[in-house]
Every structure is written in C-alpha cells, then in structure tokens.
Student: 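One structure, pasted below without further comment.
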Amino acid sequence: MLDSYATIFARRADSYCRAMNHHPHARDAEFGAVVDPLDPAARIVIDMPAGGGWLRRYLRAGIHYIAIEPAELFFDLCPQDASADRLRAPVEAVPLPDAAADAIVSLAGLHHAPDLGAIFAEAHRLLRSGGQFVIADVAAGSREDDFLNRYVHAHNPMGHEGVFLDDGTAGLLRRAGFEVLAEEQAPTPWRLGSAEQAGAYCADLFGIEGQTPAQVAAALQEIVGAVQGGDGFVLGWSLRRLICRKR
C-alpha cells in the first residue's frame, strides 16, 4: 500500500533535512528546472508540497512565496515573513481562495500522492486565468525510478513505492483544465564534492539504512550514472517536467 507523503516524512524528515543542510546546493539544477520557466510577471507563487521551503531562495526578489506543506517538521522550517506565508494543509485541499496565485510549482513531491487528479484540480482552482503550473518529478521507467523503487526500496525500512510521472500525466492535467505547453525530460544533475559525500547525502535524503556511503555511491554510479572529476561527483539525475497554463 502506498504510504502518504505526510506519513513518510513524519518518520524521515529529520534525515532529509540533514542532507539538505549539509549540501544545500547539491540540487540547484532541480530547483532551477521549476523556477526558470516562471513568467517574469508572476508575483504570487505557491510551492506544493513545499518540503522545508528550500525553493524560496531560488525565486527572484518581489515574489510573494506561499508554502503548502502537510508534514509537520517540514512545515516548521518553511519561511514566514513579509514576503512568505506557509500553510499546513494537504495539497488536495488548500485553504486559500480561488485564483489566489499567478503560478504553482511542484518539485519531486507528487510521487507519494495517491490522487494526482485531485491535486491537479486543486491547482487549477488556485490559479488565476492564464496562471502557470510547473511540475518536475521522476519519470516512470527511468534510471531514477529504478534507483528509488528498487535499490532504495530494498534498503529503506519503510520501502519506497513511488508512483512516477508517465505518459498519462499530461492527460490528467488536460482533464483538470490545463493546457500542457511543454513536456520533456529535463537534465537536473546533482553535484557533490566526492562519491563518499554523494553516498552519505543520498542515504540521508532517501532514508537508506544498512549501506555505507561507498556502497550507496556505487549503486548511484551503476544505476543512475555519475562522473567523478574536476567538478566533483556529478550524478546524472533528470526529471520529467511539464509546463502548463490554466485555460
């Protein structure tokens, strides 16, 4: 049975945050993949689910950021100040009015969601007419899918049974009322200083137990692909990205 996002991160948000704090720039390319397509005219951006609100630092000045996060520890980390709000709520039922945002982003948080159709319908409700919805997550059948649903599943006490973006995702978005402007596999390489750092980082990020950092790094190289060189350890991660507009 697929565990919910909130259930999973009630148990392993601590280690996830440790990874993000130790290597805050490892996934810069991932955050850029959802931020770079945003319309320069966007002024209110919703991030759901937001994790610890890490995406906020990638947004340009002048944007009001709203984090929607169901997991308690992540929610506590989300920023709240003059230009940022946070709401602890399920992403299927956000306590905000219709047309509350110019854009919504969702990065690598939907594969533990049981009902994408309900989430897409809620995103459509929350956006103004013409607003953007940018999603990036692991693609079904990809190397990343293999690493998470096979290797991580075998070495995480909770398992890992992600339901990833596939050829039917765009149809769900269209049924929710979106125009799909682009769908592509976006390169989002992760950059760490060494293979050992990459192994420790991914062990924390994904709740891997009983494996040394060297063993995790070896699995990453074998399954996902990586290059060790002058730029450090570069993991060949990529995500399926869909850029949509509310009709």
Side-chain angles (χ1 to χ4, degrees), residues 2-24 26-28 30-35 38 42-59 63-127 131-138 148 156 158 160 162-165 188 204-207 239 241-242:
L2 179 68
D3 286 323
S4 74
Y5 173 97
T7 300
I8 290 166
F9 289 108
R11 292 183 56 181
R12 66 177 182 88
D14 282 327
S15 66
Y16 194 104
C17 291
R18 182 166 61 245
M20 295 298 291
N21 289 335
H22 285 173
H23 301 284
R27 294 168 60 205
D28 281 353
E30 272 199 15
F31 289 98
V34 290
V35 167
L38 294 181
R43 292 292 177 266
I44 300 174
V45 174
I46 291 176
D47 180 13
M48 63 186 226
W54 297 288
L55 182 132
R56 196 264 187 103
R57 69 171 179 256
Y58 295 88
L59 297 173
I63 285 181
H64 190 88
Y65 171 79
I66 303 175
I68 309 299
E69 177 53 45
E72 183 177 8
L73 190 148
F74 280 162
F75 171 77
D76 290 343
L77 293 174
C78 288
Q80 188 169 37
D81 53 41
S83 60
D85 288 309
R86 61 183 183 178
L87 293 169
R88 188 176 177 200
V91 293
E92 299 89 346
V94 176
L96 286 173
D98 294 356
D102 300 311
I104 296 175
V105 296
S106 188
L107 174 61
L110 296 182
H111 58 268
H112 293 302
D115 189 350
L116 284 183
I119 294 169
F120 295 165
E122 184 68 343
H124 190 271
R125 182 189 72 79
L126 290 167
L127 283 169
Q132 289 178 289
F133 187 25
V134 182
I135 308 163
D137 210 321
V138 167
L148 294 172
N156 179 322
M158 297 178 69
H160 193 288
V163 179
F164 299 117
L165 305 183
T188 55
D204 279 342
L205 201 70
F206 298 124
L239 296 176
R241 179 176 64 183
L242 294 98

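Numbering of residues begins at 1 and proceeds along the displayed sequence. Here the structure is a predicted model, which means the values were calculated and not measured.
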Student: In chain order, what residues pass the salt bridge (Lys or Arg N to Asp or Glu O under 4.0 Å) check against E69, with sequence neighbours excluded?
Tutor: none
Student: From C17 SG over to D204 CG, what is the distance, rounded to the nearest 0.5 angstrom?
Tutor: 10.5 Å
Student: Could you give the distance from CG (D85) to NE2 (H64), rounded to the nearest 0.5 Å?
Tutor: 3.5 Å
Student: Rounded to the nearest 0.5 Å, what separation is found between the CG atom of L165 and the CG atom of L239?
Tutor: 8.5 Å
Student: Out of curiosity, I46 CD1 to I104 CD1, how far, rounded to the nearest 0.5 Å?
Tutor: 4.5 Å
Student: Among residues at least two apart in sequence or on other chains, which ones pass ring pair (Phe, Tyr, Trp, His ring centres under 6.0 Å) with Y65?
Tutor: none
Student: If we ignore hydrogens and angles and just use 3.5 Å, is the side chain of R86 paired with the main-chain N or O of D76 as donor and acceptor?
Tutor: yes
Student: Just to verify, what does R241 make a salt bridge (Lys or Arg N to Asp or Glu O under 4.0 Å) with, not counting sequence neighbours?
Tutor: E184
Student: Nearest heavy-atom pair of G109 and P49: which atoms, and what distance?
Tutor: O-CG, 3.7 Å
Student: Tell me, please, which residues at least two apart from E72 pass side-chain hydrogen bond (donor to acceptor under 3.5 Å, both in side chains).
Tutor: none
Student: Residues two or more places apart in sequence or in another chain: which of them pass ring pair (Phe, Tyr, Trp, His ring centres under 6.0 Å) with F133?
Tutor: F120, F178
Student: Please collect all salt bridge (charged side-chain N to carboxylate O under 4.0 Å, His left out) contacts where either partner lies in residues 109-123, sequence neighbours excluded, each pair once.
Tutor: E122-R125
Student: If the condition is side-chain hydrogen bond (donor to acceptor under 3.5 Å, both in side chains), which residues does N21 pass it with, not counting sequence neighbours?
Tutor: none
Student: Minimum heavy-atom separation for A84 and P79, please, with both atom names.
Tutor: CB-O, 3.8 Å
Student: Begin from the C-alpha positions of I68 and I66 and carry the test side chain to side chain contact (heavy atoms under 4.5 Å, CB included) through to its verdict.
Tutor: CA-CA 7 Å; I68 309 299; I66 303 175; 3.9 Å; yes
Student: For D28, what residues pass the side chain to side chain contact (heavy atoms under 4.5 Å, CB included) criterion, not counting sequence neighbours?
Tutor: H25, Y58
Student: Per the ring pair (Phe, Tyr, Trp, His ring centres under 6.0 Å) rule, what does the pair list look like for residues 66-94, sequence neighbours excluded?
Tutor: F9-F74, Y16-F74, W54-F74
Student: Could you tell me which residues satisfy side-chain hydrogen bond (donor to acceptor under 3.5 Å, both in side chains) with D81, sequence neighbours excluded, listed by chain and number?
Tutor: R56, S83
Student: Locate the shortest heavy-atom distance separating G207 from R12; write the atom from each residue and the value.
Tutor: N-NH1, 4.0 Å
Student: Apply the test side chain to side chain contact (heavy atoms under 4.5 Å, CB included) to residues V105 and V35: give CA-CA distance (whole Å), side-chain angles for both, the deciding distance (0.1 Å), then the verdict.
Tutor: CA-CA 8 Å; V105 296; V35 167; 5.7 Å; no
Student: Tell me, please, which residues at least two apart from D102 pass side chain to side chain contact (heavy atoms under 4.5 Å, CB included).
Tutor: A42, R43, I44, R128
Student: About how many Å separate OG1 of T7 and NE2 of H112, when rounded to the nearest 0.5 Å?
Tutor: 11.0 Å
Student: Closest approach of P70 and R88, non-hydrogen atoms and distance?
Tutor: O-NE, 3.1 Å
Student: Looking only at heavy atoms, which two atoms of V34 and I135 are closest? And how far apart?
Tutor: CG1-C, 4.4 Å
Student: Could you measure the distance from the CE atom of M20 to the CG atom of L205? Nearest 0.5 Å is fine.
Tutor: 7.0 Å
Student: Looking only at heavy atoms, which two atoms of M158 and I8 are closest? And how far apart?
Tutor: CE-CA, 3.7 Å
Student: For D137, give me all partners under side-chain hydrogen bond (donor to acceptor under 3.5 Å, both in side chains), at least two apart in sequence or on another chain.
Tutor: H111
Student: Dump the intermediate steps for side chain to side chain contact (heavy atoms under 4.5 Å, CB included) on Y5 and V91, then the final yes or no.
Tutor: CA-CA 10 Å; Y5 173 97; V91 293; over 6 Å; no
